[in-house]
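Read the structure below first, then the notes.
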Amino acid sequence: VFSSSENNNNNDLVVLDDPFSALDSDTSQIVFERLIGGSATTGIEALWQDKAVVLVTHAPNLIVHRAITNIAVVVNGRCKFYGKWKELSDYSFTAQDDDDTKRAMAHIRSTIQEEEEEKVEK
């Protein structure tokens, strides 16, 4: 649920805590583009294009969007990665990475890879 006051205030920062969790993938993509990302193909400009947006999500498919500038992967309350998508996709596990971190990183990459393959098939 989004507050209409979010769009009416002059804040430069919008914080969203898993706003797409109740939406299917296609609907979340549409809402994401209208609020945050915009769409070059449809010409839609994002409502919050001039704001800094902190998006907490369990939807890895959104982090590859061109509007996402930095990604933080938090596992068990600790930031295990911070950087760009390219860095995350090339991330190599280290001896300091615990099993939960390895599972989280593998899940993110495999989910995105599956979605990319589905797009190619369509």
Side-chain angles (χ1 to χ4, degrees):
V1 176
F2 298 102
S3 167
S4 62
S5 64
E6 277 301 325
N7 190 43
N8 296 330
N9 64 33
N10 292 323
N11 293 334
D12 293 328
L13 176 66
V14 176
V15 178
L16 301 172
D17 186 2
D18 213 6
F20 308 109
S21 62
L23 304 176
D24 64 65
S25 181
D26 292 337
T27 304
S28 66
Q29 187 68 36
I30 292 167
V31 173
F32 175 86
E33 288 177 355
R34 293 196 177 174
L35 294 177
I36 301 167
S39 173
T41 56
T42 63
I44 292 174
E45 290 187 13
L47 185 64
W48 295 325
Q49 67 184 2
D50 297 327
K51 296 182 183 288
V53 178
V54 176
L55 172 64
V56 178
T57 185
H58 290 93
N61 60 305
L62 298 175
I63 66 174
V64 297
H65 193 281
R66 62 180 169 68
I68 303 299
T69 56
N70 290 298
I71 301 162
V73 177
V74 179
V75 179
N76 297 329
R78 295 183 183 255
C79 185
K80 298 294 187 167
F81 172 85
Y82 183 81
K84 309 279 184 213
W85 165 244
K86 177 70 173 134
E87 297 164 342
L88 179 58
S89 65
D90 294 339
Y91 184 83
S92 297
F93 297 115
T94 66
Q96 291 86 4
D97 290 329
D98 58 28
D99 289 341
D100 289 341
T101 300
K102 290 176 183 175
R103 276 193 295 274
M105 299 294 239
H107 171 72
I108 292 168
R109 288 193 276 198
S110 68
T111 300
I112 292 170
Q113 182 179 5
E114 288 171 12
E115 294 215 1
E116 292 299 316
E117 290 171 358
E118 287 177 11
K119 287 180 186 176
V120 170
E121 291 173 3
K122 288 181 182 181

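Small disclaimer: the values here were computed from a predicted structure and weren't measured.
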Atom [atom1] of [X] with >12 non-hydrogen neighbours under 6.0 angstrom:
| X | atom1 | result |
| --- | --- | --- |
| E45 | CD | no |
| R78 | CZ | no |
| R109 | CZ | yes |

State the [atom1]-[atom2] distance between [X] and [Y], to the nearest 0.5 angstrom.
| X | Y | atom1 | atom2 | result |
| --- | --- | --- | --- | --- |
| L88 | N70 | CG | CG | 11.5 Å |
| E33 | L35 | CD | CG | 10.5 Å |
| L55 | D18 | CG | CG | 8.0 Å |
| K80 | T94 | NZ | OG1 | 9.0 Å |
| S89 | I112 | OG | CD1 | 8.5 Å |
| L62 | I71 | CG | CD1 | 11.0 Å |

Take V54 and L16 through the test side-chain contact (heavy atoms from CB on, under 4.5 Å) and record every step on the way to the result.
CA-CA 6 Å; V54 176; L16 301 172; over 6 Å; no
Side-chain touch [X]/[Y], heavy atoms, less than 4.5 angstrom:
| X | Y | value |
| --- | --- | --- |
| F20 | T27 | no |
| I108 | I63 | yes |
| I68 | F32 | yes |
| S25 | N61 | yes |
| S21 | H58 | no |
| L47 | R34 | no |

The test is side-chain contact (heavy atoms from CB on, under 4.5 Å); show your working for H65 and W85 and say whether it passes.
CA-CA 9 Å; H65 193 281; W85 165 244; over 6 Å; no
For [X] and [Y], work out which heavy atoms get closest and say how close.
| X | Y | value |
| --- | --- | --- |
| P19 | V56 | CD-O, 3.8 Å |
| A59 | T57 | N-OG1, 2.9 Å |
| I36 | A46 | O-CB, 3.2 Å |
| G37 | A67 | CA-CB, 3.6 Å |

NZ or CZ of R103 within 45° of F93 ring axis and under 6.0 Å:
no
Short N-O contact, K102 and D98, less than 4.0 angstrom:
no
Is L23 linked to V64 within one hydrophobic cluster, defined over Ile, Leu, Val, Met, Phe, Trp and Tyr using a side-chain heavy-atom separation of less than 4.5 Å?
yes
Under 3.5 Å: donor-acceptor pair, side chain of T101, backbone of D97:
no
State whether the side chain of Q29 and the backbone N or O of D26 hold a donor-acceptor pair below 3.5 Å, judged by distance alone.
no
